[in-house]
Amino acid sequence: MKKELDKNFNPSEAEDRIYKNWLNKGYFNVKIDKAKKPYTIVMPPPNITGQLHMGHALNSTIQDILIRTKRMQGYNALLLPGTDHASISTEVKVVEKLAKEGIKKEDIGREEFLKHVWDWKETYGNKIVEQFKKMGISCDWSRQRFTLDSGLNKAVEEVFIKLYKKGYIYKGKKLVNWCPQCKTTISDAEVNYIDNEGYFWYFKYPINGTDEFLTFATTRPETILGDTSIAVNPNDIRYKKFIGMTVTVPIVNRVIPIIADDYVEMDFGTGVVKITPAHDPNDFEVGERHNLPIINVMNDDGSINDVCEAYKGLDRYEAREKIVEEFKNLGLFVKKEEIKNSVGTHERCNCVIEPLIKEQWFVKMDEMVKPAIEEFKNNNLRFIPDRFGKIYMNWLENMHDWCISRQLWWGHRIPAYYCDDCHEIIVSSEKPIKCSKCGGTNIKQDEDTLDTWFSSALWPFSTLGWPENTEDLNYFYPTDVLVTAYDIIFFWVVRMVFSALEQTNQLPFKDVLIHGLVRDSEGRKMSKSLGNGINPLDVIEKYGTDALRLTLIGGNSPGNDQRFYWEKVEVNRNFLNKVWNATRFILMNLEEASPKYSKEDLTPADKWILSKLNSLIMEVTNLIDNYELGIAIQKIYDFIWEYYCDWYIEMVKPRLYNKNDPTRNIALWTLKEVLINSLKLLHPYAPFITEEIFNSIQDEEDTIVLSNWPKYNKEFVFEKEEKDIEIIKTAVKNIRYLRAEMNVVPSRKVKTILVTQEENISNIFKDSESFFKTLAYSSELIIKDNNDQIDNDYVSVVISGGAIYMPFLELVDIEKELLRLNKEKEKLESEVNRVNKKLSNEGFVSKAPQKLIEAEKEKQIKYEKTLEEVLEQIKRLSK
RNA sequence: GGUCGCUUAGCUCAGUUGGGAGAGCGCCUGCCUUACAAGCAGGAUGUCAUAGGUUCAAGUCCUAUAGUGACCACCA
């Protein structure tokens with residue numbers, strides 16, 4: 001035996017070595033085992049363009065804690081990893097890279113371009129995976145998936161075809177969000193509305209056949225080129241007489257009708273609205289109601305098209321200014337007003353999106369969301385914390401049809417084919433040889449790809465082999481919990497739920513555990529532009545992964561944001577150092593690996609710590625089951641530091657230092673037993689250091705990863721000893737307090753006299769004599785049963801059921817001591833008062849639980865006794 | 001406009017079903033005591049935002065108000 005640990009744990013050396021060993025041994029790899037219950041988490045796939053940030057670190061740590069706990073509890077625990085192809089992000093990145101080399105994607109063509117992207121993915125796409133490994137995440141890497149791998153492609157095609165046949169996917173010409181920068185459609189969820197300081201321009205149109213005008217306001221004058229009507233509220237007496245007449249749009253000289261529609265609010269602006277169905281969602285609807293023509297004025301890059309020769313090719317913002325000028329020249333400009341509004345921008349490139357009419361593919365949502373709503377209402381899907389269920393419902397209940405086609409090359413290509421001859425649409429996983437309608441052979445595949453989220457939505461089951469009816473799918477699916485941040489509920493969670501219900505008839509997971517964001521120390525979001533981001537890898541390098549993980553989980557509850565502080569990491573590193581050193585201490589004293597256990601030998605102190613550990617095990621297990629990871633780690637932290645290190649180890653030292661002490665062996669056994677179990681509870685949070693320590697105190701090579709989770713054990717419930725030791729602790733604390741107040745240096749030993757008439761107390765003290773010598777620096781402990789035997793030159797401290805005396809020392813100031821005792825007296829009096837008041841309250845006595853009343857009564861006696869003692873002391877010193 | 005958070009010690013935050021207010025950091029005092037100064041011992045600090053209500057009992061439940069933040073919708 002006799003192993004030794006270095007003075008400090010060295011994370012940078014140990015972590016990689018340990019993780020490598022775990023991988024070599026295949027501890028995280030999971031095979032179907034019908035004898036074991038599965039526990040499955042499918043990890044949210046990070047983008048291949050991504051770098052590990054604090055959000056990932058937090059997200060993966062939570063999942064790893066759950067998985068490691070379940071693994072130790074005997075579940076077949078699978079944490080399934082993978083990455084997302086991130087269509088737009090990746091495509092933009094590669095386009096930029098090629099641009100630097102002077103290559104345009106249009107020039108090299110689709111196939112060649114995709115080769116470049118795959119190359120890029122091979123080089124950079126796995127970076128983030130390696131970073132997850134640094135976090136110590138216990139994934140089954142042999143199952144790693146990619147949203148664009150062939151299996152997932154199969155799943156995507158299957159879903160597309162099924163939904164098309166069912167009529168849930170359709171092609172339609174509708175107003176969509178268009179990004180002129182990325183030149184692709186985007187979904188509603190990808191549009192960010194940001195506050196903007198803009199203008200309201202007021203113009204007027206001459207009403208034909210009169211000499212009157214209609215004045216209206218717009219924030220986007222360039223869309224005037226596409227006006228096909230002007231609208232007023234049907235009940236607006238100001239304008240009623242004009243309904244049915246026409247105005248002429250200058251510049252394009254288009255005659256358009258004045259129509260009435262409820263959509264127009266009378267008291268907003270001038271109560272007159274220009275209608276541009278091709279460039280505004282509301283106008284589009286008005287247009288449909290009134291059968292208005294749709295005139296598109298813009299090219300895909302946001303420039304003006306040939307709707308008007310004079311403006312052709314101008315950028316939308318240049319056109320805006322020119323139109324304002326033109327209206328001024330024509331005398332039809334009224335005024336310009338500063339206003340605050342919001343503009344929709346593309347979340348990826350921040351470019352202002354343009355609503356445009358496009359023929360695109362859509363998923364019909366109204367029917368598909370119904371089961372997702374139903375399951376939630378039936379409490380089959382649980383959000384933690386539950387308030388996030390509202391966000392989920394809000395999205396489902398207000399979902400518009402989902403535009404899924406993207407004008408990008410990197411992604412799942414839409415499995416739709418067009419016959420050049422008869423324009424038939426054929427949806428199929430294989431390219432048809434000839435048209436099913438006309439037999440023509442000029443067949444082309446749709447050029448577009450699918451929204452990234454279309455494949456992410458299938459992630460919980462596609463990764464397990466769906467659409468094949470695989471054994472994995474039957475065994476591991478549905479998964480147990482999804483862990484994600486709140487900002488992605490509407491993007492992803494809702495889509496996974498309705499997709500899973502539609503395709504597999506099952507919820508993809510039972511619980512959705514939501515966490516918050518990691519902000520900087522001033523509470524700001526970490527962002528590239530602010531440059532305030534903290535790289536988790538830097539933290540790991542400085543303090544180690546375990547310290548980072550503890551920092552992210554501790555002092556925080558589900559769903560809430562947290563701030564990152566370096567100080568917090570340091571505190572956690574210090575805690576781990578504490579655990580490390582406690583182990584060193586035990587190893588110093590441990591001659592043989594396995595001290596023998598016999599229950600009869602256990603001393604009260606041993607029983608106390610074992611009993612405390614026992615409660616801790618139960619608490620922590622329940623807390624983790626309820627996803628209260630922050631509270632659980634706090635309990636572990638306090639137990640190890642306060643109960644185990646500060647008290648138990650200190651209490652046990654005299655027994656260890658005396659090799660002839662008959663209780664020495666059981667002390668070592670208890671030390672080791674409690675340490676190992678604490679380590680196990682700590683392991684999911686701090687996997688590396690716990691593994692290192694676990695191995696150092698075992699003779700045989702073993703791993704904590706596959707060790708058994710500690711179990712609550714009725715054998716180790718010791719209520720009496722818990723109470724007794726608490727009495728000792730209180731006494732020791734009081735003595736320490738008194739010594740500090742009296743400025744007695746620790747090295748100076750002082751006689752301690754206990755006076756008590758309670759046999760129980762004196763017995764406890766007798767049993768614990770050594771604690772007073774070591775913990776309270778007593779030279780000797782004398783137990784008496786009568787105050788009269790105490791001389792006047794003693795200071796005292798009162799405990800429940802007795803008083804402890806120490807000889808006066810030269811520096812003691814009687815006045816000061818009396819002051820202290822009087823303070824004590826006041827405190828006790830107010831306590832006695834409180835308890836008496838409570839117990840004389842009829843309502844309390846009749847309605848409060850019996851247990852509580854008993855406890856209060858006990859306190860009443862205790863306080864009264866103690867107060868009596870204090871009064872006695874005051875009397876003694878006042879003589 | 002709608003929904004939802006948050007407000008607890010100087011700072012950052014816990015406080016899981018209502019039952020005498022907690023941690024870490026910081027601050028003050030004393031200690032290099034043979035595991036640990038990344039440490040040990042002791043100490044000070046709170047009208048739990050405000051006002052009502054429910055209850056024997058409220059930081060915890062309900063209502064309103066204020067401050068603050070997030071999300072959603074609208075913005076001709």
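Since we're looking at a predicted model, the values are computed, not measured. A note on names: the letters A, B, ... follow the listed sequences, proteins ahead of strands, and every chain is numbered from 1.
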Counting side-chain heavy atoms from C-beta on, which of [options] comes nearest to [X]?
X        : options                : result
A:Ala848 : B:rC56, B:rA35, B:rG42 : B:rC56
A:Ile649 : B:rC13, B:rA37, B:rA35 : B:rA35
A:Trp395 : B:rG42, B:rC72, B:rC56 : B:rC72
A:Phe490 : B:rA70, B:rC72, B:rG24 : B:rC72
A:Arg736 : B:rG24, B:rA41, B:rC56 : B:rA41
A:Leu852 : B:rA70, B:rG19, B:rA37 : B:rG19

**Item:** Per-nucleotide protein contact string for nucleotides 1-6 of chain B (B base, S sugar-phosphate only, - none; heavy atom under 4.0 Å)
**Value:** --SSS-
**Message:** Does the structure place the NZ or CZ of A:Arg320 under 6.0 Å from the centre of the six-membered ring of A:Trp201, at an angle of no more than 45° from the ring's axis?
**Reply:** no
**Request:** Taking the six-membered ring of A:Trp395 (Phe, Tyr or Trp), confirm whether the NZ or CZ of A:Lys390 is under 6.0 Å from its centre and within 45° of its axis.
**Result:** no
**5' priority, RNA chain B, between A:Lys859 and A:Leu623 [closest heavy atom]** = A:Leu623
**Request:** Find which nucleotide of RNA chain B each of A:Gly271 and A:Glu567 is nearest to by heavy atoms, and output the residue with the more 5' nucleotide.
**Result:** A:Glu567
Counting the atoms with a prime plus P, OP1 and OP2 as sugar-phosphate, which does [X] contact under 4.0 Å by heavy atoms, base, sugar-phosphate, or nothing?
X        : answer
A:Ser521 : nothing
A:Asn841 : sugar-phosphate
A:Lys837 : nothing
A:Trp641 : sugar-phosphate
A:Asp646 : sugar-phosphate

**Request:** State the pairing partner of B:rG5; accept Watson-Crick or G-U wobble contacts with both distances under 3.5 Å, and report none otherwise.
**Result:** B:rU68
**Prompt:** In the structure shown, which nucleotide is the Watson-Crick or G-U wobble counterpart of B:rA44, with both distances under 3.5 Å?
**Reply:** none
Counting just side-chain N and O atoms, does [X] come under 4.0 Å of either OP1 or OP2 of [N]?
X        : N      : answer
A:Lys729 : B:rA41 : no
A:Ser557 : B:rA14 : yes
A:Lys578 : B:rC40 : yes
A:Arg563 : B:rC13 : yes

**Non-hydrogen side-chain atoms of A:Arg739 and A:Tyr777 separated by less than 4.5 Å** = yes
**Contact check, side chains of A:Asn177 and A:Ser187, non-hydrogen atoms, under 4.5 Å** = no
**Message:** Whole angstroms only, please: what is the CG-C1' distance between A:Asn574 and B:rA37?
**Reply:** 10 Å
**Message:** Expressed as a whole number of angstroms, how long is the span from A:Met651:CE to B:rU33:P?
**Reply:** 22 Å
**Asked** Is the closest side-chain donor-acceptor distance between A:Asn572 and A:Tyr543 under 3.5 Å?
**Response** no
**Prompt:** Between the base of B:rA38 and the side chain of A:Arg573, is there a donor-acceptor distance below 3.5 Å?
**Reply:** yes
**Item:** Under 3.5 Å donor-acceptor pair, A:Glu650 side-chain atoms to B:rA35 base atoms
**Value:** yes
